[in-house]
Amino acid sequence: MIGGLFIYNHKGEVLISRVYRDDIGRNAVDAFRVNVIHARQQVRSPVTNIARTSFFHVKRSNIWLAAVTKQNVNAAMVFEFLYKMCDVMTAYFGKISEENIKNNFVLIYELLDEILDFGYPQNSETGALKTFITQQGIKSQPQTKEEQSQITSQVTGQIGWRREGIKYRRNELFLDVLESVNLLMSPQGQVLSAHVSGRVVMKSYLSGMPECKFGMNDKIVIDKQGKGGATDDSGKSSGKQSIAIDDCTFHQCVRLSKFDSERSISFIPPDGEYELMRYRTTKDIILPFRVIPLVREVGRTKLEVKVVIKSNFKPSLLAQKIEVRIPTPLNTSGVQVICMKGKAKYKASENAIVWKIKRMAGMKESQISAEIELLPTNDKKKWARPPISMNFEVPFAPSGLKVRYLKVFEPKLNYSDHDVIKWVRYIGRSGIYETRC
Amino acid sequence: MPAVSKGDGMRGLAVFISDIRNCKSKEAEIKRINKELANIRSKFKGDKALDGYSKKKYVCKLLFIFLLGHDIDFGHMEAVNLLSSNKYTEKQIGYLFISVLVNSNSELIRLINNGIKNDLASRNPTFMCLALHCIANVGSREMAEAFAGEIPRILVAGDTMDSVKQSAALCLLRLHKASPDVVLMGEWTSRVVHLLNDQHMGVVTAAISLITCLSQKNPDEFKSCVPLAVSRLSRIVSSASTDLQDYTYYFVPAPWLSCKLLRLLQCYPPPEDGAVKGRLVECLETILNKAQEPPKSKKVQHSNAKNAILFEAISLIIHYDSEPNLLVRACNQLGQFLQHRETNLRYLALESMCTLASSEFSHEAVKTHIETVINALKTERDVSVRQRAADLLYAMCDRSNAKQIVAEMLSYLETADYSIREEMVLKVAILAEKYAVDYSWYVDTILNLIRIAGDYVSEEVWYRVIQIVINRDDVQGYAAKTVFEALQAPACHENMVKVGGYILGEFGNLIAGDPRSSPLVQFNLLHSKFHLCSVPSRALLLSAYIKFINLFPETKPTIQEVLRSDSQIRNSDVELQQRAVEYLKLSSIASTDVLATVLEEMPPFPERESSILAKLKKKKGPGAVSVSDLEEAKGEGGALNGSGDRGADAAATSNSATLSPSADLLGLRSAAPVAPGTGSLLVDVFPEAGPASAPAVSEDGFLRHLDLPPESSDSLLVEAPGESDFEDPALPLPESDDLLYKFVCKNNGVLFENQLLQIGTKSEYRQNLGRMYLFFGNKTSVQFSNFTTSITCPGDLQTQLNMQTKPVEPLVDGGAQVQQVLNIECLSDFSDAPLLNIMFRYGGAQQNLTLKLPVTINKFFQPTEMSSQDFFQRWKQLSLPQQEAQKIFKANHSMDTDVIKTKLLGLGPALLEDVDPNPENFVCAGVIQTKGQQIGCLLRLEPNAQAQMFRLTLRSSKDTVSVHLCHLLAEQF
């Protein structure tokens, strides 16, 4: 169980320190600072064990969150909690920064008291928390008995994430499929590794206690239906479009028993924004861009680089925020760049040429060429040639995921599935999208 | 040195550094540095040549980046270019970069060396200095090789500037330290020594560092520096404070130079030249006098400088150790410092006094300060000073003040700092032992020590006290009484319980007369501590219990009850369980005689170096030479336990002594591994196969010691109880077999002898009957009481031999002799020897001795004369393979024919002349007479003088006789 939780700024000063158990002393705070934050070598492992005490940390911009324990806890649970904690703080006061944390430290302590009890995680649902932990300060008149009992019954009840009696004039629902595609490609264009990690984020404004059912082109479901329906054709056509999901996790509102037995995703949604599911796929990924590098070393003092990028999706779609980062050797003394499209610049502070293109349609290609002058050094080490990396945003899901339906049932109130306005959006972003050169 | 002009401020560098300092995060810093590096690269790459200023600036930036911890792989060339600049600042930065970032890159090193050479050859002193500094800063082997020849020349050249000479001397010193084999002084030696006469004080100061270092290497070559150093010193010491101008530091003339001179002199013995020596003594006296003068300034620097010289002078005085007058004066001076306000001074004074105390001249003088030192020990705030005070007390201790010092150290121990407690304990233990005048005081002290600082009392300390108590009869009673009293405290330290258990187990009987410490009370007292102890202590207590059973039979039921309880006999610890089981059985099966033998009092320990001393030395480590010197000096102080030369061989033995600290107390432990056959020790108490199976490996008293760790768990003791025939009281002495062999060929002689007792024997045999006279002589002047002897025939021997004797007088006066007659009848042939057990009390201690009686089968030989023909006829008759026994063995004694003849005659049979065709061979014939039968025996001994070998062949009508006789005889030649 979590023994304590500390939040540090980038200098290692403690902003928040909450100790839940007696086995964690004050010296644990310093141990983490000395051994992780101020460590001579960068500490890459998120779990550090110092003197029989385990520290689990996550870093958000310049802020370190560290959970401390002396027991043998489930590390995944601790990290899940830390992420949840970040979400909750973001929901309350926006970006996690030193200033925000300092300004809201009373609130944070209040939250920490609520979401962790003696080191055991409790309800961390933002919506529920917001009903009784408010930022407005203490209201002049206390909440009525009724309200209080309502909160109690919600928080302690079966559906802790949604309160009863919500009413909207317009029943609306937003669904975003957000994916990030990761790639490592050899200079010859061979895919060395590729995977997509995606999230389904929903924003729901629905009245009452609606029962929802979410459907997508999951291969297992489609195949099962294909078998159920006797026709061969439907099986073939759906087989092409279905995707194989490697693993997925759901929001706590999803009924896991139903998913396990029928693989259907049904749930009573929380009010407002939440992440319905997270998933990962590794097969049949649509790679939105292809990078073709060409590096030629001319003697010891000159390097010629040519990079071609090709967009590989429907011409009607537009990719945005494209950025190609071409690393330069450490002894670069001068760079000349020529590009047909967008803007390119040598950034000495990052040891890279950065090429930016605002938007680019599908099935197009573009090119950059650069001449890099080198300073001869007495260092015998050869340049390691780090890979060329790329950033972009495309309006489709590179994994091929499609939302097939999202049905809403509310038996008590008189609105039906058709009355709900639904919005679906697909965004594909680059994760670590690299090509070796 | 040219001042840095405003234009050289290098604004760009300042901006860059402030940028870096303002970076919020590491990432930002790296970005800024990358940007700067790219900028510098483009500048260095740029086509137009950079001017010296910007080159210097960028090299500076690179240096700064490097010092921040980033790799720099370019810019070396630019730095080397800076070396050839004519501007001081540019050259300086170039040298700086090189001394920080140089690596053994061959081409650059050549360029750098070239630059340095140019600068060394230039007439500009500042450039020369820069070059010399760079060489010293780099100090690599390459540098040493390149410039080792050049620098001495610069050093001794007449036209070199003083500042350059200083640098050259220090540079040479550095190179000499880094690679001494490259820097050869040879021809320069005398000229370097003469630098001591240089006009410029700075040069002298620099040169003296070099000379000190060199003269430590080969003192003979630099011997000539002593008179020069003395004259220099006397000039400084006698000069007025204003004479030396620049080199006067807060009214003290050239303090650093003085200190260095004094230190140089410490490399050499006192000067032999009377004039020089006189001058030096004068100097030292002046220094001591100056210390008495009122300070010329209140500033702390003034007194620091003055005291630095004074302490260095005192070190020199101690080093010479030949001027009693100076030593005493130094001691008095230090005595003043003992009460000085300044903590550092007190520390230094105590430290120096520690060395003074070891000098015979000043020992007494040091002793006068004992009160102050004790006071320092008690009241000093700083623990390191207290530690020094404790050291000094230890050093100044001798017979006259030992009691006082030990008492003070003991009382201080209660409040002492934890870090020095263990050392203090060791010191107290050593002093108490070394200067003990009466043993009761010693015992009191050590028991007090254990009481006060139990946790810090190491094993060695309590081992030692037990060793001493056991070796000294006169303290045993007192020790028993004292530990008994000490154990009565409600909370005892475990070490106290150990000592108590051991001493009461050994000497509890000495205080058992008092009803307040009756055996049961003693036992209950010990047992009340049992449950609070660790396993080793419990094991020791169990041994003490079994000894109690021996000492006080009335406690037997109680103790057996304790041993029988589940917590002992089923203890989860194997050692405890085994002890409980074995002791229980031992106590219930063995007769009192056996118990008394097995559980006899410990024999005195052999004298060797005190293990505590060894431990203290080890603690101090090899660096603390002075301490071991002290020990050596103390060796003659007279030790409690005899040998005065302990100090001398202490160093040699300390290693081995510390390796197995327990060996000192339990001397047997070291013997145990040598005896692989020991198996379980107690097995042998009930020998089934008779005494012949007794292991001949153990030392005397081996078995009586119960604390020996059982080597194996397969004790027969548990299986043995059914055995009926164990009236054999004890084992024969291990050497008794040898004694037995001695008497195979003779009948009269000294059978056994030790410090107390001599046993002589005389015997005559006829046919199958024999008579043996035993003479017991008391070698001491004290009466033996309860003197009893008993003869036993182990095993089958009972049916083979019939022995009769009368008891002897129970009292044997000092110097007196008693006689005992034994009548022996041989019933049938036998191979074992009967055992003689002697028991008596000597000075309160029960003595127990078991010997083999020299009764062997050959004693019953009847010689038979026969002719050569007869002999060979009979020889052939006894031709069955089992009737013959043959042995080929190497001669252990002389192969002289006469000697062999005498031996064969002494054996019993007739020696037949002219029987064997080979005259070298010996042939014997005889009949062994027993009551039941007569056994004919023929013998042939063939010596081979070349190979120093014998072949012995025996034929007899009984196979066992052949084998046994052959075995006996083989030991004789």
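None of these values were measured; they are calculated from a predicted model. Proteins get letters first, then strands, A, B, ... in listed order; numbering begins at 1 in each. Side chains included, hydrogens not; waters and symmetry mates left out as well; all remaining heavy atoms used.
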Value rounded to 0.5 Å, distance of OG1 in A:Thr332 from CG in B:Leu37: 11.0 Å

Heavy-atom closest contact (A:Ala348 atom, B:Ala38 atom, distance): CB-CB, 3.2 Å

Looking at A:Lys356, I'd like to know if its NZ atom is crowded, meaning that more than 12 non-hydrogen atoms belonging to other residues, nucleotides or ligands lie closer than 6.0 Å. no

Around A:Ile432, counting heavy atoms of other residues, nucleotides and ligands shown, do more than 12 lie under 6.0 Å from its CD1? no

In Å and rounded to the nearest 0.5 Å, what is the CG to CG distance from B:Asn34 to A:Leu330? 7.5 Å

Of the listed B:Lys24, B:Glu27, B:Arg32, the one with the largest count of heavy-atom pairs under 4.5 Å with chain A is B:Lys24

Is the count of non-hydrogen atoms from other residues, nucleotides or ligands lying under 6.0 Å from A:Lys59 atom NZ greater than 12? yes

Considering residues, nucleotides and ligands other than A:Arg26, do more than 12 of their heavy atoms fall under 6.0 Å from its CZ? no

Do other residues, nucleotides or ligands put more than 12 heavy atoms under 6.0 Å from the OH atom of A:Tyr109? yes

Contact part of A:Glu373 toward chain B, heavy-atom cut-off under 4.5 Å: side chain, backbone, both or neither? side chain

Looking at A:Leu374 and B:Lys45, what are the two nearest heavy atoms and their distance? O-NZ, 3.1 Å

Rounded at 0.5 Å granularity, tell me how far CD in A:Glu350 sits from NZ in B:Lys35. 11.5 Å

State, yes or no, whether a side-chain contact exists between A:Asn331 and B:Arg41 at a heavy-atom distance under 4.5 Å. yes

